[in-house]
Each structure stands twice: as structure tokens, then as C-alpha cells.
Protein chains: 2
Amino acid sequence: MRYSIGQVAKKLGLTTHTIRYYDKEGLLPFIRKGSSGARVFEEDDVDWLIIVECLKRTGMPLKEIKKYIQLCQQGDETLQTRFEMFQKQKVKIEEQMSTLQKYMEKINFKIAYYGDAVKHGTDDIYTRNKWLAAERERLFGHK
Amino acid sequence: MRYSIGQVAKKLGLTTHTIRYYDKEGLLPFIRKGSSGARVFEEDDVDWLIIVECLKRTGMPLKEIKKYIQLCQQGDETLQTRFEMFQKQKVKIEEQMSTLQKYMEKINFKIAYYGDAVKHGTDDIYTRNKWLAAERERLFGHK
DNA sequence: TATACACTTAGAGCCTACTCTAAGGTTTGC
DNA sequence: GCAAACCTTAGAGTAGGCTCTAAGTGTATA
């Protein structure tokens with residue numbers, strides 16, 4: 001199966017502009033053009049774009065994704081490097097998840113706080129921001 | 001306890017430039033200035049900045065954070081709105097976590113793939129990208 | 001008193017990642 | 001054979017979020 005840029009864009013939730021931009025930036029080096037000059041996406045190219053999306057959405061800058069592509073193009077000598085790259089990315093994702101978890105606790109505190117405040121019709125200065133005060137004390141090391 | 005902009009920056013892992021930028025953008029409307037014109041951070045102001053960081057790091061644009069501040073300044077009538085704002089932010093974080101989880105699966109697949117490839121010293125085209133092929137088929141609806 | 005190191009402002013510059021426009025070529029269906 | 005709906009390029013513009021500079025003021029220590 002072969003796909004046009006528009007079909008791929010639609011399926012992956014990107015715009016055709018964005019995909020062409022990625023191509024211009026060297027992120028899609030394997031794409032061929034048909035006789036009319038239009039990009040033809042083979043299944044492998046779609047798989048590739050899915051990986052680009054995955055790396056981008058987990059916080060890897062396009063420049064670094066490009067480096068990965070260059071590693072791929074250099075052949076089997078870079079397999080170990082590529083392996084390590086994905087291991088690092090995994091650690092990065094784990095960090096992001098635990099960071100999100102940490103922020104979730106603050107948000108939950110705020111929800112509890114505003115839940116109370118809404119119930120009483122006003123901010124309760126006595127219970128206000130207990131969690132935050134604890135966090136500030138942790139950062140600054142005193143009460 | 002009172003803090004200078006430099007002390008706060010160091011503790012929160014921001015630069016003084018960034019904090020001044022936030023102030024300029026209206027994100028720190030409560031900060032007072034000392035006799036020499038320097039910003040004086042009270043404990044409440046630090047707590048406030050911690051919340052700004054929390055919202056920003058969980059993907060809220062500075063503009064929207066500013067709207068929250070404006071709600072805070074409008075008093076008790078906006079308590080319900082603020083409550084809902086944090087509830088929405090919680091949902092957003094949950095979505096981010098499940099998205100990360102989804103991408104983590106792809107990364108794990110790639111790690112397994114490269115683990116194999118490193119072991120054999122070359123890409124194995126037979127097992128290559130099985131997961132990705134499945135994903136592509138899911139998106140495009142055929143084999 | 002000198003020197004270092006804070007702090008201040010206004011405003012320019014930068015980076016990433018798009019996003020869009022203009023002008024045009026190709027393909028598809030009636 | 002022509003309109004609609006694709007596709008192409010080069011390149012300009014935009015948004016968000018900093019990041020830095022210049023020029024200056026204030027404070028603290030030797």
C-alpha cells in the first residue's frame with residue numbers, strides 16, 4: 001500500500017505542512033517522489049513517521065531525532081548507539097511520568113482546597129495552601 | 001522569611017530573567033518592591049510561583065495561567081471557576097500520563113528490537129518493527 | 001574606599017516548531 | 001475540457017517562551 005502526504009497527515013493527526021517541514025529538515029530521508037513530484041509514502045515510511053512522532057511527543061527535539069536518522073543511515077556499526085539512545089529516552093519518559101505524578105499531587109491539593117472553598121463560599125485562610133507551605137519549607141529548608 | 005529574586009530563582013531552578021519575564025507578563029501581581037526597587041518575595045509569593053511552575057510544567061500556556069490569576073483577584077465569585085479549572089488540568093495531566101504510557105510501549109519495542117539487533121550484530125528484517133506494522137495497520141485499517 | 005556582586009529597566013534577539021501564502025503543476029470525474 | 005481537489009516549491013510570518021544586553025543603582029565586605 002502507498003499513501004499520499006494528505007492521507008498520512010490525516011491518519012497521524014499532522015498537517016501536510018508539518019510533514020513537508022519534517023522532510024525539509026531531513027527527518028524523512030527515505031521518501032521517494034512519484035513521476036509528478038508528489039511524495040509517495042510506503043508502509044516503511046509511515047512506520048518511520050510514527051517513530052518520529054513518538055520521539056517528538058516524548059520531548060526529543062527535532063535536531064536530535066535527525067541525529068538518530070543519521071545513525072540509522074550509517075549502518076550496523078551504530079546499532080549499539082541507537083540501542084542506548086532508546087534506553088535514554090525511556091529513562092526520560094520515566095522521569096516525565098514521575099514529574100507529572102508530583103505535579104498531580106499539587107493539583108489534587110488545589111482541587112481539595114477549592115472544593116472546600118466552594119463549599120464554604122470563601123477562601124479558608126486557615127487550611128490554605130498547607131501543601132505548598134510544606135513544599136516551600138522543603139526547598140528553603142526551614143519553617 | 002523574605003527572599004530576593006536570585007534566591008528564589010536558585011531554589012526553583014529558574015533564572016532571574018525568567019522570573020522577571022513572568023512578572024512583566026503579569027504572572028506575579030502580588031510581588032512588592034523594597035526601598036531600592038528590588039522585588040521582595042514573601043513566602044506566599046514563593047508558594048504562588050510554585051503553582052505557576054506546576055501549571056506551566058503540566059502544559060498550561062502562560063496566558064491561561066494569567067487568566068487564573070485574574071480569577072484569583074476577582075474574589076470569591078470565581079471560586080467555582082477556579083475549582084473547575086484545576087479539575088480540567090487534572091484531566092489534562094491524566095491524558096498526558098496515558099499518552100506517555102502509550103509512547104513508552106513503542107520505545108520498549110524499539111529497545112527490544114535494538115537489543116536483538118546488537119546481539120546479532122545486524123538489523124533483523126524478519127522481526128523488524130512488528131509493533132509498528134501493527135500500529136500502522138490499526139491507523140490505516142488493513143493489512 | 002574600592003571592588004564585587006547583587007539588583008533594576010527597556011528592549012532587542014533567539015530558538016523551536018510550526019503555519020501560511022503565492023504561484024503553479026497534476027489527477028480525477030463529469 | 002474544465003473544475004475540484006489534490007500535489008509541488010520557496011520563502012515569509014507567527015507564537016511561545018525565554019535569553020541576553022546595556023546602562024545604571026544599591027549593598028556588603030576587606
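In what follows, chains carry the letters A, B, and so on, assigned in the order in which the sequence lines appear, proteins first and then strands, with residues in each chain numbered from 1. What you see is a predicted model; the values in this text were computed from it and never measured. Excluded from the calculations below are hydrogen atoms, water molecules and symmetry mates; all remaining heavy atoms, backbone and side chain alike, are included.
- The nearest whole Å value for the distance from the CG atom in B/L14 to the P atom in D/dG17 is 14 Å.
- If you measure from atom CG of A/D23 to atom C1' of D/dC7, you get 14 Å, rounded to the nearest angstrom.
- Distance, B/E64 CD to D/dA15 P: 17 Å, rounded to whole Å.
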Practice task
Given side chain to side chain donor-acceptor pair (under 3.5 Å), test A/T78 with A/T81 step by step and report yes or no.
Solution key: CA-CA 5 Å; A/T78 67; A/T81 311; 5.9 Å; no
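- Using a 4.0 Å cut-off, some side-chain N or O of A/K33 falls inside it from OP1 or OP2 of D/dT9.
- Between B/S35 and A/V40, the residue whose closest nucleotide on DNA chain D is further toward the 5' end is A/V40.
- The aromatic rings of A/W48 and A/Y68 lie parallel to each other, their planes meeting at an angle below 30°, with 60° marking the opposite boundary.
- At C/dA6, none of the side-chain N or O atoms of B/S4 fall inside 4.0 Å of OP1 or OP2 (strictly under the cut-off).
- Note: NE2 (B/H17) to C1' (D/dC18) measures 10 Å, nearest angstrom.
- Side chain of B/P61, nearest nucleotide from C/dC18, C/dT27, D/dG17: D/dG17.
- The B/S36 side chain lies nearest to D/dG26 when the options are D/dC18, D/dG26, D/dC20.
- Rounding to whole angstrom units, CZ of residue B/R57 and C1' of D/dG16 are separated by 16 Å.
- The side chain of A/K24 lies closest to D/dG11, out of D/dC7, C/dC18, D/dG11.
- Considering only side-chain N and O atoms, A/K56 lies under 4.0 angstrom from the phosphate OP1 or OP2 of C/dC18.
- Distances shorter than 4.0 Å separate none of the side-chain N or O atoms of A/K66 from OP1 or OP2 on C/dT16.
- The CG-P distance, from A/L28 to D/dT8, rounds to 12 Å in whole Å.
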ring-ring contact (aromatic ring centres under 6.0 Å, His included) between A/F83 and B/Y113, intermediate numbers included | CA-CA 8 Å; A/F83 180 54; B/Y113 166 64; over 10 Å; no
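- B/R39 comes within 4.0 angstrom of sugar-phosphate atoms only, judged by non-hydrogen atoms across all strands, and of no base.
- Computed from coordinates, the B/I5 CD1 to D/dG26 C1' distance equals 15 Å when rounded to whole Å.
- In this model, a donor atom of one side chain and an acceptor atom of the other lie less than 3.5 Å apart for A/E84 and A/Q80.
- When each of C/dT19, D/dT27, D/dC7 is scored by its nearest atom to the side-chain atoms of A/Y21, the top-ranked nucleotide is C/dT19.
- Checking the phosphate oxygens (OP1, OP2) of C/dT16, a side-chain nitrogen or oxygen of A/K63 falls inside 4.0 Å.
- Considering only side-chain N and O atoms, A/Y22 lies under 4.0 angstrom from the phosphate OP1 or OP2 of C/dC18.
- Classified by interplanar angle (parallel below 30°, tilted 30° to 60°, perpendicular above 60°), the ring pair B/Y3/A/F140 is tilted.
- Relative to the side chain of A/R20, the nucleotides C/dT27, C/dC7, D/dC7 differ in distance, and D/dC7 lies closest.
- Nearest to the side chain of B/A38, among C/dT8, C/dC18, D/dT8, sits C/dT8.
- Between B/Q7 and A/T15, the residue anchored closer to the 5' end of DNA chain C is B/Q7, taking for each the nucleotide with the nearest heavy atom.
- Distance CD1 (A/I19) to C1' (D/dT9): 17 Å, rounded to an integer number of Å.
- There is no side-chain donor-acceptor pair under 3.5 Å between B/T58 and B/Q96.
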